[in-house]
2 protein chains.
Amino acid sequence: MKQNIYDNSDFFAGYKELRDNKLGLNEVIEEPAIRALLPALHDKSILDLGCGFGTFEEFALEQGAANILAIDISEKMLALARERIRDTRVSFVRQALEDFVPARHEFDLAISSLCLHYIDDVGALFARIASSLKPHGQFVFSIEHPMCTSLLDGWAKDHAENKRHWPVDRYFEEGVRISHWFVDGVIKYHRTIDTYVRLLANTGFQITALVEPRPEERQLAERP
Amino acid sequence: MKQNIYDNSDFFAGYKELRDNKLGLNEVIEEPAIRALLPALHDKSILDLGCGFGTFEEFALEQGAANILAIDISEKMLALARERIRDTRVSFVRQALEDFVPARHEFDLAISSLCLHYIDDVGALFARIASSLKPHGQFVFSIEHPMCTSLLDGWAKDHAENKRHWPVDRYFEEGVRISHWFVDGVIKYHRTIDTYVRLLANTGFQITALVEPRPEERQLAERP
């Protein structure tokens, strides 16, 4: 199933406000963590899967990327991205990642930020990403931590609404999780760390880093 | 601090009963999982860190291992191991893993089962293990999952003692965890998955597998 929740008006409004206010975990935790893992982008040919409104494209152009193919399923997100970024080095394409069929050996780097937990058959996508990379190409991606996708209800609280525990139940029960995030019915796919690592290894990727980013002091100060 | 909890009489009695009854997670989950990761042991020179009472040595000899250096801090565990295994291919050595200083490039394989969460400076130990391996040597180890060592209190239960959640709090707060396991004051060291992977990569290990073993149907039938 190809989900396009970002084109739901209520979802989009909520999400855009979150990102505009820089209150999301994207800016506070994900962005610094994934950028620390990136190779030098200068002169690189880059594939961005789930580009959203083009934050990465802006950064990669500043860094001198040669060209970027930026794919997203959401028309609303791409409209913002196109408005923000007018540069012939970036091609924005509206497509479900499930439909992405690359030319072979095209990119130096593939990137995907907080998107692949929306994809059911991620192993098939890993294979298409691998075949889209040049020899020694790199793939850097972030997902919601399986400790978060196993349940999607967040903190277990007591009767006075005090946070008591971060519950991680149903960890080994992989598959669909339906949650409320701005709107009802947001679908994510829970997979274990084991499964992600195995699928990557089976695809032929060599794993050089696995990071569980934590907020820095400065970030905690900005968003306690 | 070098902990020798296995030589505590009460701990030893409880632990031995658990293992004798094959009720521990060692037999039910850890053993099948780590054996599935092992290379062929025939003719291999093997280092076993935290050998306990020699379960692995028995298996490795059956598989035709050339020789095994088996290290443990506990006199009581080694006494059982020596009683069980009388074979010149195995050398049992009583030593804290913190004191292990290998000859260089000696072993084809290093193994450690459910032991390294007792070690404070595991990065230093990884480096000594790496230098003890031949070129292209392998290191296979298991630890308690960081989702277990982050707290050591197990299930969050309601007033009627029903299991409610598996709580994973204090995940990013690495360091000492003191628990009751047969006796008070058992010390384990909590580290994130991120930290284990980073220390291994920094040591020069290439990570080829990361497994979160789950019980098979048969195992669930044996221990529901």
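In what follows, chains carry the letters A, B, and so on, assigned in the order in which the sequence lines appear, proteins first and then strands, with residues in each chain numbered from 1. The structure presented is a predicted model; accordingly, all values stated were derived computationally and were not measured.
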statement: Comparing B:R170, B:K163, B:E174 against chain A, the one with the most heavy-atom pairs below 4.5 Å turns out to be B:E174
Under 4.5 Å from any heavy atom of chain A - which part of [X]:
{"X": "B:R198", "result": "neither"}
{"X": "B:Y196", "result": "neither"}
{"X": "B:V168", "result": "both"}

field: A:V211, part contacting chain B, at a heavy-atom distance under 4.5 Å
entry: both
message: Heavy-atom cut-off 4.5 Å, strictly under: side chain, backbone, both or neither for A:T195 against chain B?
response: side chain
Only pairs under 3.5 Å count here: list side-chain donor-acceptor contacts from residues 121-131 of chain A, not counting sequence neighbours, and write none if there are none.
from   : atom 1 : to     : atom 2 : distance (Å)
A:D121 : OD1    : A:A124 : N      : 3.2
A:R128 : NE     : A:F100 : O      : 2.5
A:R128 : NH2    : A:L97  : O      : 2.9
A:R128 : NH2    : A:E98  : O      : 3.2
A:S131 : OG     : A:R128 : O      : 3.2

field: Distance, nearest 0.5 Å, that separates NZ of B:K188 from NE2 of B:H117
entry: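 Here the interatomic distance stands at 5.0 Å.
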- prompt: Nearest 0.5 Å, what's the CD1-CG distance between A:I111 and A:L49?
  reply: 9.5 Å
message: Does any part of the side chain of A:Y171, heavy atoms only, come nearer than 4.5 Å to the side chain of B:R214, both counted from C-beta?
response: no
task: Might you work through the side chain to side chain contact (heavy atoms under 4.5 Å, CB included) test for B:Q138 and B:T208, ending with a clear yes or no?
output: CA-CA 10 Å; B:Q138 286 177 280; B:T208 57; 5.5 Å; no
